[in-house]
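Have a look at the structure below before the remarks.
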Amino acid sequence: MKHRIVVLGAGYAGAYAAGNLARRLSPLDTEITVVNAEPDFVQRMRLHQLAVGQEIKAPRLADVFAGTGIRLRLARVTAIDPERHVVTAADATGGGEIGYDTLVYALGSHVAHRGVPGVAEHAFDVAARPSALRLREHLDSLDKRGEAGSVLVVGDGLTGIETATEIAESRPGLSVALVARGELGARLSGAARGHLRRACDRLGVTVVEHTTIEAVEATRVLCADGTPLASDATVWAAGFEASPIAAAGGLEVTDNGQIVVDRTMRSVSHPNVYAIGDSVHAIGDNGRPLPMSCGSAGYTGRQAIDAIVGSLTGRKVAKTKLLYTYNAISLGRLDGILQTVDGQGQAKPKCVSGRKAALIKTGIIKGALWGTSHPTLGRPGRKRRLVAAADAARRGSGRATA
């Protein structure tokens, strides 16, 4: 019987892991299934662009995995049972259970409401394709009113900054404000903060600093000091948390739902489960948790792939680097910031900004899309057999096999 590898989620981390496992493991011994709710690959790094009306490529996953041997199951994961080694998924026909021998958990993250009243009912976000399209439709309605509408973006992390500047550039008829809990861009270097502030001034983004939002209503938000801020569209970008499915299934997780793993991305509570991307609480080489980011998805994905291939084929598990080296921030289509960080994750004094930074960010996004669209590029001539199958082959042939 073939070893069943099930990958939950086909975002940057999941699609990358599935493709590389298919590239390195023999299909004679393994069966790889990807479970994803949407039929298309979603470029999450560009959802703020989708929200303002730009057309973003969304390759069909059936085309992406065509010819790879990977099975695609279009369904929404509703539960996992790591004791029984099954996943429950819902689809158009009702769904059912999917059994696995090795599970790769890459369900990503969603907006964290932080317990703030009204966020779920009244706020928009750009954490998923459906919610980005919902914001797009609402922005269209504000533009059609013929009077200046107001957009309030809560949170000055990378998502908040990119969303506020993108809306301001693409929808100049709207009034855009960005709410920061502390100083705008506090985690950036002085040079990067200065450039960010000049970009906001150039685009007409009003910056509201040292402000905490305690409630969201239909046409305004309430600050901690009781001050109301008018808003026709409140975009919530005040942090992210992992899907609750892992915790509900009994996996050991952190307070924000990320799966606790060892150095190889293997769950500390259930060793046949690996977690990657935003779903994993991974400690980087600097001793600090890796941030939720596309870069982290690549590093954690590579480590999990090496661990799975090594353990299944009886080879030494290689340890890949787990690094956090930079932040690439878009400020509209023609501006940006590339902020490098030191070994402790702190911003270095210098940064790259302006058009050059924007081009670098564009290159990163194009590279991530190209890599996802070619999941088994560089397929080896001889794939690895699983250790049990290799042993059986040696016994049958009387000679060693690779």
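The basis for the numbers below is simple: all heavy atoms, side chains too, and nothing from hydrogens, waters or symmetry mates.
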Could you measure the distance from the [atom1] atom of [X] to the [atom2] atom of [Y]? Nearest 0.5 Å is fine.
| X | Y | atom1 | atom2 | answer |
| --- | --- | --- | --- | --- |
| Thr212 | Leu222 | OG1 | CG | 13.0 Å |
| Leu158 | Ser330 | CG | OG | 9.0 Å |
| Arg384 | Asp29 | CZ | CG | 13.0 Å |
| Asp335 | Arg198 | CG | CZ | 9.5 Å |
| Glu217 | His122 | CD | NE2 | 7.0 Å |
| Asp342 | Thr325 | CG | OG1 | 11.5 Å |

Checking [Y] against [X]: is there a side-chain donor and acceptor pair closer than 3.5 Å?
| X | Y | result |
| --- | --- | --- |
| Arg266 | Tyr274 | yes |
| Asn272 | His85 | yes |
| Arg187 | Gln346 | no |
| Gln258 | Glu241 | no |
| Glu83 | His270 | yes |

Legend entry - Identified side-chain contact (heavy atoms from CB on, under 4.5 Å) partner of Leu338 from the options Asn327, Val352, Leu359: Val352
Short side-chain to backbone donor-acceptor contact, [X] and [Y], under 3.5 Å:
| X | Y | value |
| --- | --- | --- |
| Ser243 | Leu107 | no |
| Ser279 | Gly108 | yes |
| Asp156 | Gly185 | yes |

Looking at side-chain heavy atoms only, is the closest gap between [X] and [Y] below 4.5 Å?
| X | Y | value |
| --- | --- | --- |
| Arg24 | Asp306 | yes |
| Val260 | Thr254 | yes |
| Ile365 | Arg46 | yes |
| Arg263 | Leu322 | yes |
| Ser26 | Thr30 | no |
| Arg44 | Arg129 | no |
| Val280 | Met265 | yes |
| Leu323 | Asp285 | yes |

Legend entry - Ring centre gap for Tyr12 and Phe41 strictly below 6.0 Å: yes
Inset, instruction - May I ask you to check whether His138 and Phe124 place their ring centers less than 6.0 Å from one another? - result: yes
Inset, instruction - Please step through side-chain hydrogen bond (donor to acceptor under 3.5 Å, both in side chains) for the pair Glu252 and Ser267, ending with a clear verdict. - result: CA-CA 8 Å; Glu252 184 173 338; Ser267 164; over 6 Å; no
Inset, instruction - Given salt bridge (charged side-chain N to carboxylate O under 4.0 Å, His left out), test Glu209 with Arg197 step by step and report yes or no. - result: CA-CA 12 Å; Glu209 296 176 294; Arg197 195 172 293 277; 2.8 Å; yes
Inset, instruction - Determine the sole option in Ser293, Ser296, Ser109 for which the side-chain hydrogen bond (donor to acceptor under 3.5 Å, both in side chains) test with Asp278 is passed. - result: Ser109
Inset, instruction - Using a cut-off of 6.0 Å, state whether more than 12 heavy atoms not belonging to Tyr326 lie near its atom OH. - result: no
Legend entry - Carboxylate-amine/guanidinium proximity below 4.0 Å for Arg171 and Asp143: yes
